[in-house]
J.: 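The structure under discussion is supplied below as structure tokens; questions concerning it will follow.
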2 protein chains.
Amino acid sequence: MPAGPLPTIHEVARLAGVSVATVSKTLNRSGKVSELLQARVNAAARKLGYAPHASARSLRSGATRILGLLVADLANPYFLKLVESIEWLSSAAGYSVILCNSAEDPGREERHLAMLLSQRADGVIVIPTRRGWSGRQAALADLPMPGILVDRRIEGLDLDSVTTDNVALGRLAAEHLDDLGHRRIAVIMGSPEHQIARHRLDGLRSGLASRGTTLDERLIEKDNFSEAAGHAAAMRLLRHAQRPTAIFATNNHLSLGLLRAIAESGLTIPDDLSVIAVDEPPWAGLVRPGMTIVTQPSEAIAQTTVSTLLSRVSEGRSGVEGEARSIQLQPALVVRGSTAAIRT
Amino acid sequence: MPAGPLPTIHEVARLAGVSVATVSKTLNRSGKVSELLQARVNAAARKLGYAPHASARSLRSGATRILGLLVADLANPYFLKLVESIEWLSSAAGYSVILCNSAEDPGREERHLAMLLSQRADGVIVIPTRRGWSGRQAALADLPMPGILVDRRIEGLDLDSVTTDNVALGRLAAEHLDDLGHRRIAVIMGSPEHQIARHRLDGLRSGLASRGTTLDERLIEKDNFSEAAGHAAAMRLLRHAQRPTAIFATNNHLSLGLLRAIAESGLTIPDDLSVIAVDEPPWAGLVRPGMTIVTQPSEAIAQTTVSTLLSRVSEGRSGVEGEARSIQLQPALVVRGSTAAIRT
DNA sequence: TAGTCTTAGTTAAACGTTTTTCTAATGAAG
DNA sequence: CTTCATTAGAAAAACGTTTAACTAAGACTA
């Protein structure tokens with residue numbers, strides 16, 4: 001790092017023989033500057049290697065062109081996809097992203113939020129941690145900049161949100177399994193206190209009900225969302241007196257645990273057991289002959305999130321504020337080989 | 001977002017009945033302030049919900065407490081682990097992280113670097129893209145803030161770096177396979193233009209050589225580092241007249257492709273084929289009976305990276321600059337079931 | 001020709017901090 | 001009873017921008 005102190009706009013102005021205002025206007029393409037001076041300014045800026053000081057700029061202008069991205073769990077491949085897309089879209093729109101991983105820890109989440117407030121991010125995108133929001137909604141509601149929730153909603157919090165229609169997701173799985181003739185269907189649902197898990201289960205249940213099948217409540221495995229929990233739940237199900245003919249795992253971690261359990265048991269998919277999972281983790285290709293999944297439209301979710309947030313940002317607080325928009329996007333069923341018609 | 005304009009230090013000062021200097025000193029624990037005034041200031045700050053304006057602070061103080069993290073490829077689980085650890089450590093040290101994904105695109109990388117310069121990040125951590133650095137080293141070398149390379153080094157660039165000892169990594173794989181009696185060993189090496197790939201191959205070759213085995217050059221598969229390439233290479237190897245008894249995949253994407261190919265071929269690990277891979281991707285558990293791997297010490301690498309960078313940051317440009325440190329950490333072999341002694 | 005409108009540019013204020021310099025008060029030393 | 005340090009606090013400058021307010025010079029209108 002050999003360079004001395006960085007050049008300021010004043011040095012550019014001096015070299016170009018103009019005022020700093022002219023430099024600013026030229027570089028920001030605001031206001032009128034003659035072709036001649038524009039050329040001189042640009043040449044000077046390039047020659048000096050001028051890079052505007054973002055802090056100074058935002059101190060004066062009031063906008064940082066920074067978005068905060070607060071992720072509940074970076075290790076979840078689905079969230080990672082969201083992060084990738086959101087970073088991509090933001091950067092295309094001229095915004096930088098401060099990434100914060102709360103690792104499902106409300107304490108970290110809160111500290112990160114305070115930091116983003118100090119940074120005066122122009123907006124914050126939050127995939128909230130699962131627990132710890134009761135009584136803490138104010139932290140988000142009182143944020144002085146626009147915020148938007150992704151994937152998970154927080155009960156009793158009036159904020160823009162973009163989520164998957166998780167009831168529809170459960171219903172898709174139900175209809176597919178029913179079409180294949182499955183009646184003994186198990187669910188590894190994660191934590192029943194979690195809205196998403198409940199919605200997916202509700203969708204499954206109602207989807208089956210509308211086909212005249214009732215879900216066997218004894219085949220609903222409830223615990224948390226970890227791979228270990230998925231593995232344990234799967235083990236219980238596989239040892240069940242009347243083994244289910246199909247298992248629905250409602251999240252990436254859970255389905256990984258499920259697949260591991262199946263591999264350990266020496267069972268074959270889909271002959272011994274049909275499996276349907278949510279989202280497409282990188283390892284979906286390892287399951288022969290391909291994983292049947294219900295996918296959440298991660299690209300569309302990222303897209304909607306960023307554009308909604310940025311439109312709020314440009315509305316500014318001048319706007320009528322309006323109602324909180326809560327946008328639900330539709331999942332899709334991708335049929336591959338891990339589900340098969342039940343043997344007669 | 002109901003709150004009006006955020007309170008400034010002046011309003012805190014007025015409410016506490018002191019000067020802004022006293023507020024600043026109190027909040028930053030710098031300078032002497034009496035107990036009494038400290039209490040008044042803290043109370044006032046809390047009451048107003050004061051959050052210092054980071055831009056103003058860094059404009060004046062010259063430090064942003066922001067680190068830039070420029071990642072070549074977020075989709076690589078190994079890099080993701082690094083990102084997680086780095087974010088964690090930085091945030092523990094009081095730094096925020098601006099995450100930039102270059103997705104192996106030098107153009108994006110360059111734009112992100114310019115942005116980080118504008119943001120006046122206190123330091124930048126770079127996992128550089130594979131290509132596109134010839135003639136562009138200056139972009140990093142001339143950075144006015146401390147920078148550090150992780151995982152990949154750039155030839156001809158004199159900058160701190162933290163990497164795995166990849167020759168040792170290859171040698172570990174070689175010795176393990178040799179111990180098990182394998183002689184027909186294949187490598188899916190990725191791109192031969194890439195230093196890491198070459199080092200790992202060199203390590204494998206020399207490791208075998210020191211045991212008296214020569215690596216069959218026809219069993220070295222070269223292409224790029226994608227999953228597709230890994231899959232294709234594996235397919236070629238599996239159809240080989242004399243099928244190798246063991247395959248070494250030198251990267252996460254490649255090993256995923258390899259495993260997929262094996263699953264498709266209906267071969268069993270380790271009976272038909274031993275497999276050794278690098279790093280522990282989430283799906284390692286899906287391979288029965290467990291994946292044998294050579295791991296890079298990602299935690300230690302993250303740790304070393306952050307502490308080295310932060311020490312450079314606090315040295316400031318006052319320091320003697322000193323030599324660039326290039327730190328190599330040692331990989332480790334984790335033996336599980338995917339490698340087995342060759343059948344006699 | 002005198003007045004008014006544009007236009008292209010400059011000057012200077014402002015953003016919210018930190019930090020240097022300054023001041024007044026207290027206490028110790030001679 | 002001075003003088004000199006020491007201290008806690010205040011006043012003010014500075015950081016590098018953007019932008020509002022201003023100016024001078026042409027171009028147009030009456």
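All values below were derived from every heavy atom in this structure, side-chain atoms included, with hydrogens, water molecules and symmetry-related copies excluded. Remember, predicted model here, so these are calculated numbers, not experimental data. Protein chains get the first letters and strands the later ones, always in sequence-line order, with residue 1 at the start of each.
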J.: Kindly point out which of dT17(C), dT18(D), dG9(C) is positioned nearest to the side chain of Val33(A)?
T.: dG9(C)
J.: Both Lys25(B) and Ala56(B) contact DNA chain C. Which one's nearest nucleotide lies toward the 5' end?
T.: Ala56(B)
J.: Is a donor on one side and an acceptor on the other found under 3.5 Å between the side chain of Asp160(B) and the backbone of Arg325(B)?
T.: yes
J.: Please name the pair of heavy atoms, one in Leu159(A) and one in Gly147(A), separated by the smallest distance, quoted to 0.1 Å.
T.: CG-O, 3.7 Å
J.: Compare the minimum distances between each of dA12(C), dA10(D), dG16(D) and the side chain of Thr22(B), then state the nucleotide with the smallest one.
T.: dA10(D)
J.: dT17(C) C1' sits how many Å from Arg65(B) CZ, rounded?
T.: 15 Å
J.: Rounded to whole Å, how long is the line connecting atom CG of Leu27(B) with atom P of dT18(C)?
T.: 8 Å
J.: When you check the gap from the basic side-chain N to the acidic O, do Arg312(B) and Glu315(B) get nearer than 4.0 Å?
T.: yes
J.: Output the rounded distance in Å from CD (Glu11(B)) to C1' (dC15(C)).
T.: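 That distance rounds to 13 Å.
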J.: Which of these nucleotides, dG9(C), dT17(D), dG9(D), is closest to any side-chain atom of Arg57(A)?
T.: dT17(D)
J.: Distance check needed: dA14(C) C1' versus Leu59(A) CG, whole Å only.
T.: 9 Å
J.: Quick check: closest heavy atoms across Asp158(B) and Ala324(B), and the distance to 0.1 Å?
T.: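 Between these two residues, the closest heavy atoms are OD1-CB, 3.4 Å.
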J.: Just call it for Ser19(A): base, sugar-phosphate, or nothing, with non-hydrogen atoms closer than 4.0 Å on any strand.
T.: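 Base contact - Ser19(A) has a heavy atom under 4.0 Å of at least one base atom.
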J.: Whole angstrom is fine here: how far is it from CD1 in Ile9(A) over to P in dA14(C)?
T.: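 In whole Å, dA14(C) P and Ile9(A) CD1 are 19 Å from each other.
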J.: By the definition side-chain hydrogen bond (donor to acceptor under 3.5 Å, both in side chains), identify the one residue from Ser58(B), Ser55(B), Ser118(B) that meets it with Ser55(A).
T.: Ser58(B)
J.: Think Ser34(A) has a side-chain N or O under 4.0 angstrom from the OP1 or OP2 of dG9(C)?
T.: yes
J.: Of the candidate nucleotides dT19(C), dT18(D), dT17(D), which contains the atom at the shortest distance from the side chain of Asn28(A)?
T.: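 The answer is dT18(D).
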J.: For Glu35(A) and dG9(C), give me the distance from atom CD to atom C1', rounded to whole Å.
T.: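 Answer to the nearest Å: 16 Å.
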J.: Rounded to the Å, how far apart are Leu6(B) CG and dT17(C) C1'?
T.: 14 Å
J.: Without decimals, in angstroms, what is the distance between Lys32(B) NZ and dA24(C) P?
T.: 23 Å
J.: If you pin Ala21(B) and Arg60(B) to their nearest nucleotides in DNA chain D, which one's is more 5'?
T.: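 The 5'-side residue here is Ala21(B).
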